[in-house]
There are 2 protein chains.
Amino acid sequence: MEAKEILKQHIAKTATLTDEQFDYFFSHFKPQSYKKGQMVISEGDKVDNEYFVLSGCLKAFFINDDIKMYILQFAMPTWWTSDYGALYNQTGATISIDCITDAEVLCLSNHDREKICSELHQAEHFFRWRTNRGYLASQKRLLSFMNNDTKARYEELLTLYPQLYNLVPKHLIAAYLGVSRETLSRLYQAHK
Amino acid sequence: MEAKEILKQHIAKTATLTDEQFDYFFSHFKPQSYKKGQMVISEGDKVDNEYFVLSGCLKAFFINDDIKMYILQFAMPTWWTSDYGALYNQTGATISIDCITDAEVLCLSNHDREKICSELHQAEHFFRWRTNRGYLASQKRLLSFMNNDTKARYEELLTLYPQLYNLVPKHLIAAYLGVSRETLSRLYQAHK
DNA sequence: GGCAGAATGTGATGTACATCACGCAGGCAC
DNA sequence: GTGCCTGCGTGATGTACATCACATTCTGCC
């Protein structure tokens with residue numbers, strides 16, 4: 001399926017746009033291809049775009065002072081990703097994004113998003129709902145962090161996204177769960 | 001300051017409404033008073049409203065199977081709170097809300113929010129931005145959870161909301177930080 | 001093929017936390 | 001006053017994790 005159709009079906013789930021309106025909406029997106037391992041946003045960068053994933057898998061991550069990495073999101077097809085803090089506040093990126101596999105995305109600039117949101121009420125509606133889903137997911141993950149131990153969170157992750165198991169290396173799964181790769185390795189043995 | 005004026009100034013920060021539009025917007029809110037300790041949403045309830053806090057302090061919390069409580073949010077004046085998962089998906093509440101102090105709020109039903117969002121583009125704009133701020137805050141807290149130890153998170157919380165220190169009992173602060181009250185007590189001694 | 005680097009498993013040890021147990025102080029009802 | 005409940009401090013012990021160290025397997029690359 002081509003990019004335009006993927007985005008169209010994605011939007012149609014929450015907003016009602018005429019074909020003409022959608023064409024206008026779509027005209028603000030720029031397609032982009034990345035290779036496995038390529039950086040999309042590096043720490044400190046000025047962040048101008050958010051990204052709608054068409055194919056492949058990206059990760060959004062934070063590196064602390066001890067060079068330890070924490071993964072905020074694995075971004076899969078039809079997901080959106082960016083450093084939204086840096087994007088909205090026009091500050092340097094604190095969150096980096098790179099590609100776990102080759103990937104194709106559609107880029108939308110902050111300026112263009114705000115423009116189409118003000119021009120098309122239904123676009124604003126769509127972005128409200130998208131953000132709302134993100135908020136609920138984030139809150140759920142926070143609760144899971146407080147309430148569950150690593151093993152339960154690991155199983156929760158694999159139940160939700162079984163494709164991750166074969167797609168991404170285990171140390172990245174550990175970085176998502178917030179534990180060391182050694183601990184995850186031991187858990188994994190016990191759990192088999 | 002009266003309720004209407006508090007809400008008006010709050011909205012004005014992100015959306016542009018004429019006086020007439022704001023009057024219409026405001027007409028959908030119902031004022032409500034609560035006493036200290038009173039429940040606003042109990043687990044399992046049908047959730048119809050979200051709440052804009054005018055005065056006092058509420059807490060939104062989750063109780064797990066071991067009857068352990070985790071606090072998702074201390075809701076202070078000009079904050080919004082609800083079990084948004086239950087509100088949007090029309091499922092029974094998994095998150096409860098009660099009052100740490102006497103409190104006054106404005107109630108907005110899910111139905112009315114969607115109605116005014118579809119009628120007033122600027123209302124939709126406001127709620128998109130509000131949700132976005134919530135999302136960024138939640139993501140920041142998640143990162144803090146993964147990256148920082150309890151002591152750092154405790155200090156972060158008190159820096160951000162110094163008023164909490166005298167307003168809420170320490171075991172609730174522990175429930176927000178996701179540690180036992182004993183651990184917080186020991187930390188607190190060390191930190192003095 | 002053969003090598004380098006990445007990914008993974010596993011043991012030994014240290015530590016930040018939970019949990020259980022108990023004591024104590026302040027507020028409130030009667 | 002006495003009793004009771006809530007909040008808070010603190011010791012003893014257990015545990016889930018991190019960290020360091022090293023071995024092993026896999027994978028792309030020349």
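Naming convention: chains lettered A, B, ... in sequence-line order (proteins, then strands); numbering from 1 in each chain.
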Undergrad: Could you give the CZ-to-C1' distance, from B:Phe145 to D:dC17, as a whole number of Å?
TA: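 Atom-to-atom, B:Phe145 to D:dC17, this comes out as 15 Å.
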Undergrad: Would you confirm whether the ring centroid of B:Phe52 sits within less than 6.0 angstrom of the ring centroid of B:Trp79?
TA: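 Here the rings of B:Phe52 and B:Trp79 have centres that are no less than 6.0 Å from each other.
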Undergrad: Counting just side-chain N and O atoms, does A:His171 come under 4.0 Å of either OP1 or OP2 of C:dT8?
TA: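 For A:His171, the contact criterion (side-chain N or O under 4.0 Å from OP1 or OP2 of C:dT8) is met.
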Undergrad: Measure CZ/B:Arg186 against P/C:dT15 and give the value in whole Å, please.
TA: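 Atom-to-atom, B:Arg186 to C:dT15, this comes out as 17 Å.
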Undergrad: Are A:Lys151 and A:Glu156 ion-paired here, with the side-chain N under 4.0 Å from a carboxylate O?
TA: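 Between A:Glu156 and A:Lys151 there is no salt bridge, as every charged N stays at least 4.0 Å from the carboxylate O atoms.
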Undergrad: Identify all pairs in which a protein N or O lies below 3.5 Å from an N or O of nucleotides 23-30 of chain C, and state each distance.
TA:
none

Undergrad: Within less than 4.0 Å of OP1 or OP2 of D:dT10, is there a side-chain N or O belonging to B:Ser185?
TA: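 Checking B:Ser185 against D:dT10: no side-chain N or O falls below 4.0 Å of OP1 or OP2.
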Undergrad: At under 4.0 Å, does any side-chain N or O of B:Thr183 touch on OP1 or OP2 of C:dA16?
TA: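 So the side-chain polar atoms of B:Thr183 never come under 4.0 Å of the phosphate oxygens OP1 or OP2 of C:dA16.
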Undergrad: What is the distance, to the nearest angstrom, from the CZ atom on B:Arg153 to the P atom on C:dA16?
TA: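 Atom-to-atom, B:Arg153 to C:dA16, this comes out as 14 Å.
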Undergrad: Do A:Lys59 and A:Phe61 meet the cation-pi criteria used here (NZ or CZ under 6.0 Å from the six-membered ring centre, within 45° of the axis)?
TA: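 Verdict for A:Phe61: a cation-pi partner in A:Lys59.
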Undergrad: From CD1 of A:Ile173 over to C1' of C:dA7, roughly how many Å is that when rounded to an integer?
TA: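 One finds 13 Å between C1' of C:dA7 and CD1 of A:Ile173, rounded.
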Undergrad: What is the nucleic acid contact for B:Gly178, judged by heavy atoms within less than 4.0 Å: base, sugar-phosphate only, or nothing?
TA: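 Sugar-phosphate, no base atom in range.
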Undergrad: Just compare D:dT19, D:dC8, C:dA18 and give me whichever is closest to any side-chain atom of B:Lys170.
TA: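 Nearest to the side-chain atoms of B:Lys170, counting from C-beta on, is D:dC8.
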Undergrad: Can you tell me the distance, in whole Å, between the CG atom of B:Leu187 and the P atom of D:dC8?
TA: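 To the nearest whole Å, that distance equals 15 Å.
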Undergrad: Check the phosphate of C:dT19 against B:Lys68, side-chain N and O only, distance under 4.0 Å to OP1 or OP2. Yes or no?
TA: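 Looking at the OP1 and OP2 atoms of C:dT19, one of them is under 4.0 Å from a side-chain N or O of B:Lys68.
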Undergrad: Just the rounded figure in Å: distance from C1' of D:dT19 to CG of A:Leu184.
TA: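 It works out to 16 Å between those atoms.
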Undergrad: Whole angstrom is fine here: how far is it from CD1 in A:Ile67 over to P in D:dA18?
TA: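 These atoms are roughly 18 Å apart.
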Undergrad: Does the base of D:dC20 carry an N or O that pairs as donor and acceptor with the side chain of A:Glu182 under 3.5 Å?
TA: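 Indeed there is one.
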Undergrad: Thinking salt bridges, do B:Arg130 and B:Glu50 make one under a 4.0 Å N-O criterion?
TA: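 A salt bridge links B:Arg130 with B:Glu50.
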Undergrad: Establish, yes or no, whether the cationic atom of A:Lys4 lies under 6.0 Å from the six-membered ring centre of A:Phe22 and within 45° of the ring axis.
TA: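 Ring-cation test returns no.
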Undergrad: Is the positively charged end of A:Arg141 above the ring of A:Tyr176, judged by distance under 6.0 angstrom from the centroid and angle within 45° of the axis?
TA: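 Yes, a cation-pi geometry.
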Undergrad: Is it true that A:Lys36 and A:Asp102 have a side-chain N and a carboxylate O under 4.0 angstrom from each other?
TA: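 No, A:Lys36 and A:Asp102 are not salt-bridged.
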Undergrad: What integer distance in Å separates B:Ile100:CD1 from D:dG7:P?
TA: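 Answer to the nearest Å: 11 Å.
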